[in-house]
Protein chains: 2
Amino acid sequence: MATGRTHRTATRSRGIPEATVARLPLYLRALTALSERSVPTVSSEELAAAAGVNSAKLRKDFSYLGSYGTRGVGYDVEYLVYQISRELGLTQDWPVVIVGIGNLGAALANYGGFASRGFRVAALIDADPEMAGKPVAGIPVQHTDQLEKIIDDNGVSIGVIATPAGAAQQVCERLVAAGVTSILNFAPTVLSVPDGVDVRKVDLSIELQILAFHEQRKAGEEADAQADAVLAAEAAAAEKAGKGPDGDVPAVMPA
Amino acid sequence: MATGRTHRTATRSRGIPEATVARLPLYLRALTALSERSVPTVSSEELAAAAGVNSAKLRKDFSYLGSYGTRGVGYDVEYLVYQISRELGLTQDWPVVIVGIGNLGAALANYGGFASRGFRVAALIDADPEMAGKPVAGIPVQHTDQLEKIIDDNGVSIGVIATPAGAAQQVCERLVAAGVTSILNFAPTVLSVPDGVDVRKVDLSIELQILAFHEQRKAGEEADAQADAVLAAEAAAAEKAGKGPDGDVPAVMPA
DNA sequence: GTTTGTGAAGCGATTCACAGCG
DNA sequence: CGCTGTGAATCGCTTCACAAAC
């Protein structure tokens with residue numbers, strides 16, 4: 001059943017695989033776009049294309065939520081929007097605080113995507129006394145001193161950390177102590193939190209580094225194409241010498 | 001994840017699993033911190049703790065790069081920093097353009113984490129003519145008209161899209177046509193790109209929705225705990241009445 | 001002794017392929 | 001028929017556990 005032992009198996013929640021949960025917002029976005037165009041129904045194939053996944057995966061994902069489709073027809077757009085919203089907990093209002101109102105924090109405060117989906121910026125918090133009272137995105141910045149009170153007064157359970165790396169862990173601890181149990185971390189640090197607190201991180205620099213890796217590989221592959229030609233020639237020569245083509249390892253393999 | 005279709009074996013690149021590649025920047029960050037504290041060597045256990053992963057995973061990850069450790073001792077910090085940097089392609093300079101200089105684009109331009117790791121903001125591009133010439137983070141914004149020329153002149157292969165969702169696909173196509181082969185997308189849209197182009201996406205709203213899901217589940221579990229208490233009481237009562245405890249379903253279950 | 005590097009087992013996610021239903 | 005829903009096969013990543021190296 002849903003309860004089971006206290007925590008431990010945090011991998012699946014309510015039987016829905018984590019990977020599926022991560023894709024539900026994607027489906028929801030695509031469905032919302034269809035809904036705005038008054039499209040009544042959609043097939044797994046169409047919706048999958050709109051969400052950028054493959055249709056078998058989408059159907060499997062939906063199967064974890066229940067049988068919401070009609071065979072031979074597809075899915076009712078409005079109904080699915082509701083079901084996924086409910087599953088994600090977006091039918092309720094989530095007050096959120098943003099801590100660290102620098103460039104990024106201010107950009108987040110101004111980001112429209114928050115408000116549009118049940119997330120409400122309840123407060124902006126910064127350690128700089130000079131910022132206090134200054135409005136950002138129409139919301140006055142409050143000093144860190146008020147953090148605990150703000151969390152408590154507003155019943156905040158989701159916090160966004162956009163402070164410098166050095167301050168992040170301390171802010172995190174205060175948020176958690178004050179009752180926050182989900183954290184979105186933009187600071188380039190590993191946060192350590194007690195069990196039962198969820199942390200997701202967004203690190204711009206890491207994303208770029210991953211792209212750089214692949215970019216470098218692409219440049220290398222051009223060179224490899226030439227190397228392959230050489231190897232092919234060698235293989236042909238080796239075959240003449242009575243040696244099998246599977247005998248040796250490509251030059252790109254590590255020793 | 002990234003793209004890749006006709007490529008078939010795009011899952012692994014140069015034999016290094018994608019999941020490992022995604023962690024290398026994490027290790028690198030932890031190692032850089034150690035390096036700044038002049039720590040000469042580190043064990044897999046210590047480094048794993050600093051990077052927030054488990055040590056077996058870290059050792060397996062490093063094993064894909066080669067045998068860079070010393071048994072009984074650990075890893076040489078400086079040497080590993082170099083090896084990982086090289087593997088990630090950070091020993092070279094990557095010029096990057098940011099397209100869409102709104103709140104987020106400006107925040108990205110100001111973000112110090114780019115410059116610190118071989119990424120250089122070569123240009124800022126925006127469609128608003130009023131922005132043209134205005135400096136952001138010390139770099140003058142250029143108009144979208146110049147996009148192709150900028151990419152070409154600077155040999156840019158990595159582009160960051162921070163435009164509104166509606167403009168993203170079009171910008172993407174222009175970037176790709178001009179020669180960009182890696183894209184970091186902040187716009188809440190699915191970008192479609194030709195084979196050979198990598199896309200990574202960062203979506204703030206999606207991250208929050210995932211947190212909301214888990215947050216809701218936590219709230220549900222508290223309810224379950226209460227429900228369990230009720231069920232236990234009922235079961236006790238039922239037992240007295242001679243009825244089995246498995247008769248009914250918790251109210252939170254779907255129909 | 002300590003710690004790495006790695007086969008092998010375990011596990012979750014993806015994909016296939018088709019039965020089942022409208 | 002068309003399209004969903006899903007067992008079964010497959011794939012890739014994680015974790016275990018220990019032999020090899022220092």
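Letters A, B, ... are given to chains in the order of the sequence lines, protein chains preceding strands, and every chain is numbered from 1.
For residues 24-48 of chain B, proximity to DNA chain D is found at no residue, defined as any non-hydrogen atom under 4.0 angstrom from a strand atom.
The nearest whole Å value for the distance from the CD atom in A:Gln83 to the C1' atom in D:dG5 is 16 Å. Per the geometry, OH belonging to A:Tyr75 stands 13 Å off C1' belonging to C:dC21, to the nearest Å. Atom OH of B:Tyr64 is separated from atom P of D:dG12 by 11 Å (rounded to the nearest Å). Atom C1' of nucleotide D:dG5 and atom CG of A:Leu58 are separated by 12 Å, given to the nearest angstrom. B:Asp61 has its CG atom 13 Å from the C1' atom of C:dT6, to the nearest Å. Taking atom CD on B:Glu18 and atom C1' on D:dT14, their separation rounds to 16 Å, with Å as the unit. In this structure, CG of B:Asp76 is placed 15 Å from C1' of C:dT3, rounded to the nearest angstrom. Rounded to an integer number of Å, the gap from B:Ile16 CD1 to C:dT6 P is 14 Å.
For A:Ala19 and B:Gly74, each mapped to the nucleotide of DNA chain C holding its nearest heavy atom, the one lying further toward the 5' end belongs to B:Gly74.
No donor-acceptor distance shorter than 3.5 angstrom exists from the side chain of A:Lys201 to the backbone of A:Leu184, with no hydrogens or angles considered. Side-chain atoms of A:Thr70 do not come within 3.5 Å of backbone N or O of A:Val73 as any donor-acceptor pair. Formation of a donor-acceptor pair under 3.5 Å by the A:Trp94 side chain with backbone atoms of A:Gly89 is found in this model. Remark: side-chain polar atoms of B:Glu46 are paired, donor with acceptor, to backbone N or O of B:Ser43 under 3.5 angstrom. Counting only distance, with no hydrogens or angles, the side chain of A:Asp203 and the backbone of A:Glu207 share no donor-acceptor pair below 3.5 Å.
The residue B:Phe62 sits apart from the nucleic acid: no heavy atom pair falls under 4.0 Å.
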Protein heavy-atom contacts under 4.0 Å, written 5' to 3' over nucleotides 16-22 of chain D as B (base), S (sugar-phosphate only) or - (none), form the string -B-BBBB
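Residues satisfying the ring-ring contact (aromatic ring centres under 6.0 Å, His included) test with A:Phe186, not counting sequence neighbours, are none.
Side-chain N/O atoms of B:Thr32 and B:Glu36 include no donor and acceptor closer than 3.5 Å.
Among all heavy-atom pairs drawn from B:Thr189 and B:Ala168, the shortest one is OG1-CB, 4.2 Å.
Between A:Tyr68 and D:dC3 there is no side-chain polar atom (N or O) within less than 4.0 angstrom of OP1 or OP2.
Side-chain rings of B:Phe62 and B:Tyr75 approach one another, their centers coming within less than 6.0 Å.
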